[in-house]
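One structure below.
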Amino acid sequence: MDTILADIEKIRAQFPVLQQHVNGKPLIYFDNAATNQKPKQVIDALINYYQGYNANIHRGIHTLAEKATKAFETTRHSMQRFINAKHAEEIIFTRGVTESINLVASSYGRAFLNEGDEVIISGLEHHSNIVPWQIICEEKKAKLKIIPVTEIGEIDLNGYQKLLSTKTKIVATNHASNSLGTINPVKEIIRLAHEVGAVVLIDGAQAAAHLEIDVLSLDCDFYCISSHKMYGPTGAGILYGKKEWLEKMPPYMGGGEMIKDVTFAKTTYNDLPYKFEAGTPNIADVIALNEAINFIQSISKEVIAEHEQSLLNYATKKLSEIPSVKFIGTSKEKVAVLSFVIEGIHPFDVGQMLDARGIAVRTGHHCTQPLMERFGIEGTVRASFSIYNTTHEIDELAEAVKRIVNFMKP
Ligand code: PMP
(Lines give C-alpha, C1' and ligand atoms only; values in the text may rest on other atoms or scores of the structure.)
Protein backbone atom coordinates (compact mmCIF):
# COMPACT_ATOMS: atom_id res chain seq x y z
CA MET A 1 0.00 0.00 0.00
CA ASP A 2 2.90 2.40 0.68
CA THR A 3 3.65 4.12 -2.60
CA ILE A 4 7.36 4.43 -1.90
CA LEU A 5 7.74 1.53 0.46
CA ALA A 6 11.12 0.60 -0.98
CA ASP A 7 12.58 3.88 0.31
CA ILE A 8 10.59 4.35 3.48
CA GLU A 9 13.08 2.73 5.87
CA LYS A 10 15.86 4.85 4.39
CA ILE A 11 13.74 7.94 4.92
CA ARG A 12 12.80 6.97 8.48
CA ALA A 13 16.45 6.35 9.31
CA GLN A 14 17.12 10.04 8.67
CA PHE A 15 14.86 11.03 11.61
CA PRO A 16 16.58 10.27 14.93
CA VAL A 17 13.47 11.08 16.98
CA LEU A 18 11.50 8.28 15.33
CA GLN A 19 13.91 5.66 16.66
CA GLN A 20 12.39 5.51 20.14
CA HIS A 21 9.71 3.86 22.22
CA VAL A 22 7.02 5.89 23.97
CA ASN A 23 5.12 4.26 26.82
CA GLY A 24 6.76 0.96 25.89
CA LYS A 25 5.64 1.07 22.23
CA PRO A 26 7.45 2.20 19.10
CA LEU A 27 6.63 5.89 18.59
CA ILE A 28 3.98 6.55 15.95
CA TYR A 29 4.06 10.25 15.23
CA PHE A 30 0.82 11.54 13.70
CA ASP A 31 1.01 15.15 14.94
CA ASN A 32 2.72 16.44 11.83
CA ALA A 33 0.31 19.33 11.24
CA ALA A 34 1.40 20.81 14.58
CA THR A 35 5.09 20.39 13.77
CA ASN A 36 6.87 17.71 11.81
CA GLN A 37 10.09 15.93 12.74
CA LYS A 38 13.56 17.02 11.69
CA PRO A 39 15.94 15.03 9.52
CA LYS A 40 19.52 14.63 10.66
CA GLN A 41 20.86 17.06 8.06
CA VAL A 42 18.79 19.86 9.65
CA ILE A 43 19.97 18.98 13.17
CA ASP A 44 23.58 18.77 11.91
CA ALA A 45 23.31 22.23 10.33
CA LEU A 46 22.38 23.67 13.74
CA ILE A 47 25.28 21.90 15.45
CA ASN A 48 27.74 22.87 12.70
CA TYR A 49 26.79 26.52 12.96
CA TYR A 50 27.15 26.71 16.75
CA GLN A 51 30.29 24.58 16.81
CA GLY A 52 31.93 25.97 13.71
CA TYR A 53 31.01 29.55 12.82
CA ASN A 54 28.64 31.16 15.33
CA ALA A 55 28.76 34.91 14.64
CA ASN A 56 26.40 37.81 14.18
CA ILE A 57 25.59 38.53 10.56
CA HIS A 58 25.75 41.46 8.14
CA ARG A 59 27.87 43.57 10.48
CA GLY A 60 31.21 41.87 11.01
CA ILE A 61 33.99 41.72 8.47
CA HIS A 62 35.77 38.81 10.17
CA THR A 63 35.80 35.34 8.66
CA LEU A 64 33.15 33.75 10.90
CA ALA A 65 30.75 36.67 10.39
CA GLU A 66 31.18 36.44 6.64
CA LYS A 67 30.60 32.69 6.67
CA ALA A 68 27.45 33.03 8.80
CA THR A 69 26.13 35.89 6.63
CA LYS A 70 26.69 33.86 3.48
CA ALA A 71 24.88 30.81 4.91
CA PHE A 72 21.98 32.97 6.12
CA GLU A 73 21.60 34.65 2.73
CA THR A 74 21.85 31.29 0.99
CA THR A 75 18.58 30.29 2.69
CA ARG A 76 16.97 33.47 1.37
CA HIS A 77 17.91 32.51 -2.19
CA SER A 78 16.82 28.89 -1.70
CA MET A 79 13.47 30.08 -0.36
CA GLN A 80 13.11 32.44 -3.31
CA ARG A 81 13.48 29.48 -5.66
CA PHE A 82 11.34 27.22 -3.43
CA ILE A 83 8.30 29.48 -3.84
CA ASN A 84 9.29 30.99 -7.21
CA ALA A 85 9.53 34.59 -6.01
CA LYS A 86 10.81 37.15 -8.49
CA HIS A 87 13.30 38.84 -6.15
CA ALA A 88 15.34 37.59 -3.17
CA GLU A 89 14.53 40.79 -1.28
CA GLU A 90 10.86 39.79 -1.31
CA ILE A 91 11.73 37.09 1.25
CA ILE A 92 11.60 38.49 4.80
CA PHE A 93 12.74 36.24 7.64
CA THR A 94 10.36 36.11 10.60
CA ARG A 95 9.72 33.74 13.51
CA GLY A 96 7.02 31.99 11.49
CA VAL A 97 3.54 32.37 10.08
CA THR A 98 2.15 34.10 13.17
CA GLU A 99 4.74 36.84 13.01
CA SER A 100 4.42 37.14 9.22
CA ILE A 101 0.66 37.72 9.43
CA ASN A 102 1.06 40.17 12.30
CA LEU A 103 3.66 42.04 10.28
CA VAL A 104 1.30 42.49 7.33
CA ALA A 105 -1.78 43.25 9.46
CA SER A 106 0.13 45.83 11.43
CA SER A 107 2.28 47.43 8.74
CA TYR A 108 0.02 47.19 5.68
CA GLY A 109 -3.05 47.75 7.86
CA ARG A 110 -1.65 50.87 9.48
CA ALA A 111 -0.68 52.34 6.13
CA PHE A 112 -3.61 51.41 3.94
CA LEU A 113 -6.72 50.56 6.00
CA ASN A 114 -9.24 53.30 6.70
CA GLU A 115 -12.52 53.61 8.52
CA GLY A 116 -15.29 51.72 6.75
CA ASP A 117 -12.87 49.48 4.77
CA GLU A 118 -13.36 45.73 4.88
CA VAL A 119 -11.06 42.79 5.52
CA ILE A 120 -12.21 39.30 4.51
CA ILE A 121 -10.97 36.08 6.07
CA SER A 122 -12.45 32.59 5.84
CA GLY A 123 -14.22 30.55 8.50
CA LEU A 124 -11.43 27.96 8.17
CA GLU A 125 -8.71 30.12 9.66
CA HIS A 126 -6.23 29.42 12.43
CA HIS A 127 -6.40 31.97 15.27
CA SER A 128 -3.20 33.50 13.93
CA ASN A 129 -5.05 34.49 10.76
CA ILE A 130 -8.02 35.86 12.74
CA VAL A 131 -6.76 37.80 15.75
CA PRO A 132 -4.23 40.10 13.99
CA TRP A 133 -7.04 41.22 11.66
CA GLN A 134 -9.40 41.78 14.58
CA ILE A 135 -6.77 43.96 16.25
CA ILE A 136 -6.10 46.14 13.20
CA CYS A 137 -9.80 46.35 12.23
CA GLU A 138 -10.66 47.57 15.71
CA GLU A 139 -7.88 50.14 15.58
CA LYS A 140 -8.84 51.38 12.13
CA LYS A 141 -12.63 51.02 12.52
CA ALA A 142 -12.62 48.62 9.58
CA LYS A 143 -15.01 45.67 9.26
CA LEU A 144 -13.96 42.02 9.42
CA LYS A 145 -16.07 39.74 7.22
CA ILE A 146 -16.03 35.96 7.26
CA ILE A 147 -16.41 33.62 4.27
CA PRO A 148 -18.83 30.82 5.21
CA VAL A 149 -17.68 27.20 5.34
CA THR A 150 -19.73 24.41 3.74
CA GLU A 151 -20.88 21.20 5.41
CA ILE A 152 -17.87 19.27 4.04
CA GLY A 153 -15.44 21.91 5.28
CA GLU A 154 -14.80 23.89 2.12
CA ILE A 155 -14.80 27.62 1.53
CA ASP A 156 -18.15 28.68 0.09
CA LEU A 157 -17.03 30.46 -3.08
CA ASN A 158 -20.48 31.93 -3.77
CA GLY A 159 -20.57 33.30 -0.24
CA TYR A 160 -17.10 34.75 -0.82
CA GLN A 161 -18.15 36.51 -4.00
CA LYS A 162 -21.10 38.06 -2.21
CA LEU A 163 -18.75 39.58 0.39
CA LEU A 164 -16.40 41.16 -2.15
CA SER A 165 -16.85 44.82 -3.02
CA THR A 166 -14.82 47.94 -3.63
CA LYS A 167 -14.73 48.31 0.16
CA THR A 168 -12.63 45.11 0.40
CA LYS A 169 -9.01 46.04 1.01
CA ILE A 170 -7.49 42.75 2.20
CA VAL A 171 -8.41 39.08 1.81
CA ALA A 172 -6.57 36.57 4.01
CA THR A 173 -7.00 32.81 3.90
CA ASN A 174 -5.01 29.65 4.33
CA HIS A 175 -3.74 27.50 1.48
CA ALA A 176 -4.71 24.39 3.44
CA SER A 177 -6.63 24.07 6.70
CA ASN A 178 -4.73 22.73 9.70
CA SER A 179 -7.90 21.36 11.32
CA LEU A 180 -9.58 19.68 8.35
CA GLY A 181 -6.89 19.47 5.68
CA THR A 182 -9.06 21.21 3.06
CA ILE A 183 -6.97 22.63 0.22
CA ASN A 184 -8.47 25.97 -0.70
CA PRO A 185 -8.88 27.26 -4.28
CA VAL A 186 -6.43 30.06 -3.56
CA LYS A 187 -5.76 30.97 -7.18
CA GLU A 188 -9.45 31.70 -7.72
CA ILE A 189 -9.72 33.49 -4.35
CA ILE A 190 -6.79 35.73 -5.34
CA ARG A 191 -8.14 36.42 -8.83
CA LEU A 192 -11.55 37.47 -7.48
CA ALA A 193 -9.98 39.70 -4.81
CA HIS A 194 -7.78 41.43 -7.36
CA GLU A 195 -10.85 42.19 -9.49
CA VAL A 196 -12.07 44.49 -6.70
CA GLY A 197 -8.60 45.89 -6.04
CA ALA A 198 -7.91 44.05 -2.76
CA VAL A 199 -4.57 42.53 -1.78
CA VAL A 200 -4.37 38.88 -0.72
CA LEU A 201 -2.38 37.18 2.02
CA ILE A 202 -2.08 33.40 1.94
CA ASP A 203 -1.24 31.49 5.12
CA GLY A 204 0.91 28.66 3.78
CA ALA A 205 1.63 26.97 7.13
CA GLN A 206 0.03 23.70 6.06
CA ALA A 207 1.07 23.90 2.41
CA ALA A 208 4.84 24.35 2.49
CA ALA A 209 5.74 20.70 3.09
CA HIS A 210 3.09 19.23 0.81
CA LEU A 211 1.97 21.46 -2.07
CA GLU A 212 3.83 23.14 -4.90
CA ILE A 213 4.00 26.85 -4.13
CA ASP A 214 4.44 29.28 -6.99
CA VAL A 215 3.79 32.81 -5.79
CA LEU A 216 4.22 34.25 -9.29
CA SER A 217 1.61 31.98 -10.79
CA LEU A 218 -0.71 32.43 -7.78
CA ASP A 219 -0.15 36.18 -8.02
CA CYS A 220 -0.67 36.50 -4.25
CA ASP A 221 0.55 39.70 -2.60
CA PHE A 222 1.78 38.01 0.58
CA TYR A 223 2.58 34.38 1.43
CA CYS A 224 3.55 33.09 4.90
CA ILE A 225 5.54 29.99 5.83
CA SER A 226 6.77 28.43 9.10
CA SER A 227 10.01 26.48 8.95
CA HIS A 228 9.00 23.98 11.64
CA LYS A 229 6.10 22.62 9.57
CA MET A 230 8.44 21.80 6.68
CA TYR A 231 11.11 19.73 8.49
CA GLY A 232 13.00 22.84 9.61
CA PRO A 233 13.67 24.23 13.10
CA THR A 234 11.15 26.18 15.17
CA GLY A 235 11.44 29.94 15.53
CA ALA A 236 12.00 30.69 11.86
CA GLY A 237 9.80 31.36 8.87
CA ILE A 238 9.23 33.77 6.06
CA LEU A 239 6.96 36.43 4.79
CA TYR A 240 6.94 36.71 1.02
CA GLY A 241 5.62 40.05 -0.15
CA LYS A 242 5.47 41.65 -3.56
CA LYS A 243 8.24 44.23 -3.72
CA GLU A 244 5.83 46.97 -4.76
CA TRP A 245 3.92 46.53 -1.47
CA LEU A 246 6.88 45.92 0.82
CA GLU A 247 8.51 49.10 -0.45
CA LYS A 248 5.42 51.15 0.39
CA MET A 249 4.85 49.58 3.81
CA PRO A 250 6.24 51.17 7.00
CA PRO A 251 8.60 49.14 9.21
CA TYR A 252 7.01 46.70 11.65
CA MET A 253 9.74 46.90 14.31
CA GLY A 254 12.47 49.42 14.83
CA GLY A 255 16.04 48.67 15.87
CA GLY A 256 19.42 47.65 14.53
CA GLU A 257 19.81 46.39 10.96
CA MET A 258 16.59 47.99 9.66
CA ILE A 259 18.15 51.46 9.39
CA LYS A 260 20.46 53.28 7.01
CA ASP A 261 21.11 56.28 9.17
CA VAL A 262 19.96 57.35 12.64
CA THR A 263 20.02 60.79 14.20
CA PHE A 264 17.81 62.00 17.03
CA ALA A 265 16.07 64.21 14.47
CA LYS A 266 15.39 61.58 11.80
CA THR A 267 15.99 57.97 10.86
CA THR A 268 16.17 56.63 7.32
CA TYR A 269 15.22 53.01 6.83
CA ASN A 270 17.23 50.27 5.20
CA ASP A 271 16.41 48.71 1.82
CA LEU A 272 14.42 45.51 1.49
CA PRO A 273 14.52 42.95 2.96
CA TYR A 274 16.40 44.44 5.94
CA LYS A 275 13.79 47.13 6.58
CA PHE A 276 11.65 44.35 8.04
CA GLU A 277 14.42 42.44 9.83
CA ALA A 278 15.15 44.54 12.92
CA GLY A 279 17.58 43.11 15.46
CA THR A 280 19.68 39.96 15.41
CA PRO A 281 17.64 37.37 13.53
CA ASN A 282 17.33 33.69 14.29
CA ILE A 283 20.58 32.94 12.46
CA ALA A 284 21.05 29.26 13.29
CA ASP A 285 17.49 28.24 12.50
CA VAL A 286 17.38 30.16 9.24
CA ILE A 287 20.63 28.51 8.18
CA ALA A 288 19.25 25.06 9.06
CA LEU A 289 16.03 25.82 7.18
CA ASN A 290 18.10 25.58 4.01
CA GLU A 291 18.72 21.93 4.80
CA ALA A 292 14.97 21.38 5.24
CA ILE A 293 14.47 22.74 1.72
CA ASN A 294 17.24 20.45 0.47
CA PHE A 295 15.59 17.50 2.21
CA ILE A 296 12.22 18.18 0.56
CA GLN A 297 13.83 18.64 -2.82
CA SER A 298 15.90 15.48 -2.49
CA ILE A 299 12.62 13.52 -2.36
CA SER A 300 10.49 15.98 -4.38
CA LYS A 301 7.16 17.45 -3.39
CA GLU A 302 5.44 15.25 -5.96
CA VAL A 303 6.64 12.05 -4.28
CA ILE A 304 5.91 13.45 -0.81
CA ALA A 305 2.36 14.39 -1.85
CA GLU A 306 1.78 11.03 -3.51
CA HIS A 307 2.93 9.13 -0.42
CA GLU A 308 0.92 11.29 1.97
CA GLN A 309 -2.21 11.04 -0.19
CA SER A 310 -1.98 7.26 -0.22
CA LEU A 311 -1.70 7.31 3.59
CA LEU A 312 -4.68 9.65 3.85
CA ASN A 313 -6.81 7.42 1.60
CA TYR A 314 -5.76 4.32 3.51
CA ALA A 315 -6.48 5.90 6.91
CA THR A 316 -9.83 7.24 5.73
CA LYS A 317 -10.84 3.78 4.59
CA LYS A 318 -9.61 2.02 7.75
CA LEU A 319 -11.23 4.44 10.20
CA SER A 320 -14.48 4.62 8.25
CA GLU A 321 -14.91 0.91 8.99
CA ILE A 322 -15.19 1.69 12.71
CA PRO A 323 -18.75 2.45 13.83
CA SER A 324 -19.23 5.74 15.69
CA VAL A 325 -16.20 7.40 14.05
CA LYS A 326 -17.30 10.54 12.24
CA PHE A 327 -15.00 12.55 10.01
CA ILE A 328 -15.03 16.33 10.17
CA GLY A 329 -13.89 17.82 6.87
CA THR A 330 -14.42 15.60 3.85
CA SER A 331 -13.36 17.80 0.97
CA LYS A 332 -12.01 15.93 -2.06
CA GLU A 333 -8.92 18.13 -2.09
CA LYS A 334 -7.09 17.64 1.18
CA VAL A 335 -3.57 17.56 2.53
CA ALA A 336 -2.94 14.51 4.72
CA VAL A 337 -4.98 15.59 7.73
CA LEU A 338 -7.71 13.34 9.12
CA SER A 339 -9.95 14.92 11.75
CA PHE A 340 -12.58 12.85 13.49
CA VAL A 341 -14.82 12.58 16.50
CA ILE A 342 -16.06 9.45 18.23
CA GLU A 343 -19.63 9.50 19.42
CA GLY A 344 -19.80 9.71 23.21
CA ILE A 345 -16.03 9.97 23.82
CA HIS A 346 -14.22 13.24 24.43
CA PRO A 347 -11.34 13.84 21.96
CA PHE A 348 -8.98 14.48 24.87
CA ASP A 349 -9.67 10.98 26.28
CA VAL A 350 -9.04 9.46 22.85
CA GLY A 351 -5.74 11.34 22.64
CA GLN A 352 -4.64 10.11 26.05
CA MET A 353 -5.53 6.51 25.33
CA LEU A 354 -3.69 6.65 22.00
CA ASP A 355 -0.64 8.15 23.72
CA ALA A 356 -0.60 5.21 26.11
CA ARG A 357 0.00 3.09 22.98
CA GLY A 358 2.79 5.33 21.71
CA ILE A 359 0.58 7.10 19.15
CA ALA A 360 0.89 10.89 19.08
CA VAL A 361 -2.15 12.72 17.70
CA ARG A 362 -3.51 16.19 18.37
CA THR A 363 -6.82 16.72 20.13
CA GLY A 364 -8.84 19.86 20.77
CA HIS A 365 -9.81 22.87 18.71
CA HIS A 366 -6.46 23.14 16.88
CA CYS A 367 -6.48 26.94 17.32
CA THR A 368 -9.60 27.14 15.14
CA GLN A 369 -12.35 27.68 17.70
CA PRO A 370 -14.76 29.45 15.30
CA LEU A 371 -14.45 26.50 12.88
CA MET A 372 -15.24 24.02 15.67
CA GLU A 373 -18.26 26.15 16.54
CA ARG A 374 -19.36 25.97 12.89
CA PHE A 375 -19.55 22.19 13.27
CA GLY A 376 -21.09 22.37 16.73
CA ILE A 377 -18.20 20.53 18.37
CA GLU A 378 -15.57 21.35 20.98
CA GLY A 379 -12.76 19.73 19.11
CA THR A 380 -11.59 16.72 17.11
CA VAL A 381 -8.93 14.04 17.16
CA ARG A 382 -6.51 14.90 14.38
CA ALA A 383 -4.08 12.48 12.78
CA SER A 384 -1.81 14.10 10.23
CA PHE A 385 0.67 12.21 8.08
CA SER A 386 4.13 12.86 6.78
CA ILE A 387 6.71 11.32 4.47
CA TYR A 388 8.05 8.99 7.18
CA ASN A 389 4.67 7.47 8.17
CA THR A 390 3.58 4.02 7.02
CA THR A 391 0.39 2.05 6.44
CA HIS A 392 1.50 -0.26 9.24
CA GLU A 393 1.32 2.71 11.63
CA ILE A 394 -2.18 3.48 10.36
CA ASP A 395 -3.19 -0.14 11.03
CA GLU A 396 -1.97 0.39 14.61
CA LEU A 397 -4.03 3.58 14.88
CA ALA A 398 -7.17 1.89 13.54
CA GLU A 399 -6.68 -1.04 15.90
CA ALA A 400 -6.23 1.30 18.87
CA VAL A 401 -9.32 3.35 17.95
CA LYS A 402 -11.35 0.14 17.66
CA ARG A 403 -10.23 -0.90 21.15
CA ILE A 404 -11.11 2.53 22.56
CA VAL A 405 -14.59 2.39 21.01
CA ASN A 406 -15.18 -1.12 22.43
CA PHE A 407 -13.70 -0.23 25.82
CA MET A 408 -15.84 2.89 26.19
CA LYS A 409 -19.09 1.28 25.00
CA PRO A 410 -21.84 1.98 27.49
N1 PMP B 1 -1.81 28.87 10.27
C2 PMP B 1 -2.00 27.55 10.21
C3 PMP B 1 -2.93 27.00 9.17
C4 PMP B 1 -1.33 26.71 11.09
O5 PMP B 1 -1.50 25.40 11.02
C6 PMP B 1 -0.45 27.28 12.06
C7 PMP B 1 0.26 26.41 13.08
N8 PMP B 1 -0.56 25.46 13.70
C9 PMP B 1 -0.29 28.65 12.07
C10 PMP B 1 -0.97 29.43 11.16
C11 PMP B 1 0.65 29.34 13.02
O12 PMP B 1 1.95 28.97 12.71
P13 PMP B 1 3.15 29.26 13.73
O14 PMP B 1 2.69 28.74 15.05
O15 PMP B 1 4.28 28.46 13.17
O16 PMP B 1 3.40 30.71 13.72
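For ligands, and for the atoms within them, numbers begin at 1 and follow the listed sequence. Quantities reported herein were computed from a predicted structural model and do not represent experimental measurements. Side chains included, hydrogens not; waters and symmetry mates left out as well; all remaining heavy atoms used.
- Side-chain polar atoms of N290 and S78 form a donor-acceptor pair below 3.5 angstrom.
- Side-chain contact annotation: S128 with H126, donor-acceptor N/O pair under 3.5 Å present.
- Taking each of S128, S384, S100, A33 in turn, the one with a heavy atom nearest to atom 9 (C) of ligand 1 proves to be S128.
- Residue T98 holds the heavy atom nearest to atom 14 (O) of ligand 1 of all those in T94, T98, N174.
- Aromatic ring centres of F72 and F93 lie closer together than 6.0 Å.
- A distance-only check finds a donor-acceptor pair linking the side chain of D117 to the backbone of N114 [under 3.5 Å].
- Results of the side chain to side chain contact (heavy atoms under 4.5 Å, CB included) test with E291 over K38, Q41, K40 single out Q41 as the only residue that passes.
- Selection from H126, H228, H175 by nearest heavy atom to atom 4 (C) of ligand 1 gives H126.
- The protein heavy atom nearest to atom 5 (O) of ligand 1 is Q206 NE2, 2.7 Å.
- Given atom 8 (N) of ligand 1, the protein heavy atom at minimum distance is K229 NZ, 2.8 Å.
- The protein non-hydrogen atom at the shortest distance from atom 3 (C) of ligand 1 is D203 OD2, 3.4 Å.
- Judged by a 6.0 Å distance limit and a 45° cone about the ring axis, K301 is positioned over the six-membered ring of F82.
- Ranking the protein heavy atoms by distance from atom 15 (O) of ligand 1 puts S226 OG, 2.6 Å first.
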